[in-house]
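Heads up, the thing below is written out as structure tokens.
In this text, all values refer to a predicted model and were calculated from it rather than measured experimentally.
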Amino acid sequence: MIDYGDRARLGVLLPSGNSVAEAELHAMLPPGVGLNVTRLELRGSSEPELMRMIEALEPAARLLADARVDRVAFHCTAVSTFAPALGDAIRTRIEDATALPAFATSDAILAAFAALGARSALLVTPYIEPVHAREVAFLAAHGIAVAGGDWMGVDTNAEMARIPVETIREQALRAAKAAPGADLCFLSCTAIRSAGVIAVLEEALGIPVITSNQAMLWHGMRAMGIGDAVPGFGRLMNAR
């Protein structure tokens, strides 16, 4: 039976170089919830590349509105956390262009922290150091302390997609051993294969694990009135 997403459909704006997010998002979708995806240009992590992603924000969002989605998500962690208020500006631009409710990955991350009662994080990323540092600053600006973490120094979406799942798991375990005591572990980035290690790391670390793709989908579903629990992808996917 074909699932057309008749309960709710989320429109998602993805980086053009991202080959991972759609597979993970579809794996976590409950029955009757659909995705429609449009891309914005982004392959690397330099500041000019990140800012260029939002230049064509309005026309891309309007394409999703044509598909009569229920809500629009701007789904890029590095761009939406670039500055504390940038996610707000992105959300406003999308809503003004489409007359649809919208959110950014940064909104979803903060909502996930709130739902899990977390005020400190172990931040694990594939990013180059400036992107990682901006995310630390973003979280701090919203009252979330980064207790420790690690970054890999990877620049492009294509390279991020090739990082083995086991490498991500080992990176998180090393970071947790070096800086114990965080409320949760955040595997940041929409372009890494992180969904498959959420449950494994939660068991190993004893704390919730969130990822960019998981948090965005959870937040989008709850905003659209979909309260289904999704087993196998961490504690957040059971939160209201």
Side-chain angles (χ1 to χ4, degrees), residues 18 20-21 24 44-47 50 76-84 87 105-106 108-216 218-219 232-239:
N18 189 320
V20 167
E24 294 204 342
S45 302
S46 69
E47 183 172 338
L50 293 173
C76 177
T77 318
V79 173
S80 63
T81 63
F82 188 93
T105 313
S106 53
I109 292 164
L110 296 176
F113 272 86
L116 294 169
R119 304 305 302 171
S120 65
L122 188 70
L123 179 62
V124 178
T125 79
Y127 301 137
I128 58 176
E129 192 278 334
V131 177
H132 185 94
R134 281 193 294 266
E135 195 158 314
V136 172
F138 170 84
L139 292 171
H142 290 90
I144 298 165
V146 174
D150 187 54
W151 65 92
M152 294 186 187
V154 179
D155 179 57
T156 70
N157 280 191
E159 293 171 291
M160 292 171 186
R162 291 194 294 267
I163 299 170
V165 173
E166 184 62 20
T167 299
I168 298 168
R169 186 187 73 86
E170 291 174 355
Q171 182 194 23
L173 292 174
R174 284 197 311 272
K177 185 176 181 180
D183 293 335
L184 62 73
C185 176
F186 176 25
L187 305 180
S188 177
C189 185
T190 67
I192 58 171
R193 300 183 180 195
S194 56
V197 297
I198 297 171
V200 172
L201 284 174
E202 285 195 340
E203 182 175 358
L205 301 178
I207 56 176
V209 173
I210 66 172
T211 77
S212 294
N213 289 329
Q214 170 224 43
M216 187 282 286
W218 165 82
H219 184 59
F233 295 103
R235 299 182 202 177
L236 179 65
M237 296 302 276
N238 297 314

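- Summarising the geometry of Ala108 relative to Ala215, their closest heavy-atom pair is CB-O, 3.5 Å, with the distance given to 0.1 Å.
- When Ile163, Ile210, Leu187, Val165 are each tested for a side-chain contact (heavy atoms from CB on, under 4.5 Å) with Ser194, only one passes: Leu187.
- Each side chain to side chain donor-acceptor pair (under 3.5 Å) pair with one or both residues in residues 203-214, not counting sequence neighbours, appears once here: Glu24-Asn213, His75-Asn213, Thr77-Ser212.
- Side chain of Arg119 to main chain of Ala145: no donor-acceptor pair is present (N/O by atom type, distance under 3.5 Å, no hydrogens or angles).
- Taking CG of Asn238 as the reference point, atom CZ of Phe233 lies at 12.0 Å (rounded to 0.5 Å).
- Scanning all heavy atoms of the two residues, the minimum distance from Ala78 to Val131 falls at CB-CG1, 3.7 Å.
- In this structure, Ser45 OG and Met160 CE are separated by 4.0 Å, a value rounded to the nearest 0.5 Å.
- Of all non-hydrogen atoms in Gly232 and Ala199, the two that sit nearest each other are O-CB, 3.9 Å.
- For residues 139-160, the pairs satisfying ring-ring contact (aromatic ring centres under 6.0 Å, His included) are His132-Trp151, Phe138-His142, with sequence neighbours left out.
- Atom-to-atom distance recorded for Thr156:OG1 and Arg162:CZ is 6.5 Å, nearest 0.5 angstrom.
- Interatomic distance, CG of Leu201 versus CD of Glu170, reported as 10.5 Å (0.5 Å rounding).
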Exercise. Assess whether side chain to side chain contact (heavy atoms under 4.5 Å, CB included) is satisfied between Met152 and Cys189, documenting all intermediate values.
Key: CA-CA 12 Å; Met152 294 186 187; Cys189 185; over 6 Å; no
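- With rounding to the nearest 0.5 angstrom, the CD1 atom of Ile109 is 3.5 Å from the CZ atom of Phe186.
- With 3.5 Å as the limit, one finds no donor-acceptor pair spanning the side chains of Glu135 and Thr125.
- Partners of Asn18 according to the side-chain hydrogen bond (donor to acceptor under 3.5 Å, both in side chains) rule, which considers only residues two or more places apart in sequence or in another chain, are Thr190.
- Taking every heavy atom of both residues into account, Ala111 and His219 meet most closely at CB-ND1, 3.5 Å.
- Every residue meeting the side-chain contact (heavy atoms from CB on, under 4.5 Å) condition with Ala176, not counting sequence neighbours, appears here in chain and number order: Leu122, Leu205.
- Taking each heavy atom of Leu184 and Ala118 in turn, the nearest pair found is CD2-CB, 3.4 Å.
- The shortest heavy-atom contact between Gly87 and Ser106 is CA-OG, 3.6 Å.
- Residues satisfying the side-chain hydrogen bond (donor to acceptor under 3.5 Å, both in side chains) criterion with Gln171, sequence neighbours excluded, are Asp150.
- Within the model, atoms CG of Asn157 and SG of Cys76 stand 7.5 Å from one another, a figure rounded to the nearest 0.5 Å.
- Around the CZ atom of Arg134, the shell of radius 6.0 Å holds more than 12 heavy atoms that belong to other residues, nucleotides or ligands.
- Here the options are Ile198, Leu173, Val124, the test is side-chain contact (heavy atoms from CB on, under 4.5 Å), and the partner is Cys185; only Val124 passes.
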Practice problem: Evaluate the side chain to side chain contact (heavy atoms under 4.5 Å, CB included) criterion for residues Val20 and Ile192: first the C-alpha distance (whole Å), next the side-chain angles of each, then the deciding distance (0.1 Å), finally the verdict. | Solution: CA-CA 6 Å; Val20 167; Ile192 58 171; 6.0 Å; no
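- Residues satisfying the salt bridge (charged side-chain N to carboxylate O under 4.0 Å, His left out) criterion with Arg169, sequence neighbours excluded, are Glu166.
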